[in-house]
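Remember, predicted model here, so these are calculated numbers, not experimental data.
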Amino acid sequence: MKITVNTDVCIGAAMCTGLSPQVFTLDEEGIVSLREANPPEELRARIEQAVGFCPVAAIKIQD
């Protein structure tokens, strides 16, 4: 699993950081960045929730 983030559309809602702080963080400008681009499979459910809750669809999962 590989996670990608479109930082051009991120609005800093931070839903992802709350759902999966092991994978997502906010940079100094309040835009999402990845702690782990290739997280372990056991985090998939939380990452999928983060993808679903992102209001601008900035997060994608690639298998």
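The minimum heavy-atom distance linking Gly12 with Cys10 is given by the pair N-SG, 3.4 Å.
Rounding to the nearest 0.5 Å places CG of Asn6 at 10.5 Å from CD1 of Ile31. In this structure, CD in Gln49 is found 12.0 Å from CD1 in Ile59, a value given to the nearest 0.5 Å. Here the straight-line distance linking atom CD of Glu36 with atom NZ of Lys2 works out to 12.0 Å at 0.5 Å rounding. Rounding to the nearest 0.5 Å gives a distance of 9.5 Å between CG of Asn38 and CD of Gln62. For the atom pair CD1 of Ile11 and SG of Cys54, the computed distance is 7.5 Å after rounding to the nearest 0.5 Å. Summarising the geometry, atom OG1 belonging to Thr17 is positioned 5.0 Å from atom CG belonging to Leu26; distances are rounded to the nearest 0.5 Å.
With respect to Arg46, the side-chain contact (heavy atoms from CB on, under 4.5 Å) criterion is satisfied by exactly one of Cys16, Pro39, Pro21, Ser20: Ser20.
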Take Arg35 and Gln22, measure what side-chain contact (heavy atoms from CB on, under 4.5 Å) needs, and give me the verdict at the end.
CA-CA 7 Å; Arg35 293 182 189 267; Gln22 309 92 321; 5.8 Å; no
Can you check side-chain contact (heavy atoms from CB on, under 4.5 Å) on Val32 and Thr25, steps first, answer last?
CA-CA 6 Å; Val32 70; Thr25 189; over 6 Å; no
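The hydrophobic clustering, which links ILVMFWY residues whose side-chain heavy atoms are closer than 4.5 Å, places Val9 and Val5 apart. Criterion: ILVMFWY side-chain heavy atoms under 4.5 Å apart, direct or through other members. Under it, Met15 and Leu43 are not part of a common hydrophobic cluster.
Side-chain contact check for Leu19 versus Phe24: every heavy-atom pair is 4.5 Å or farther apart.
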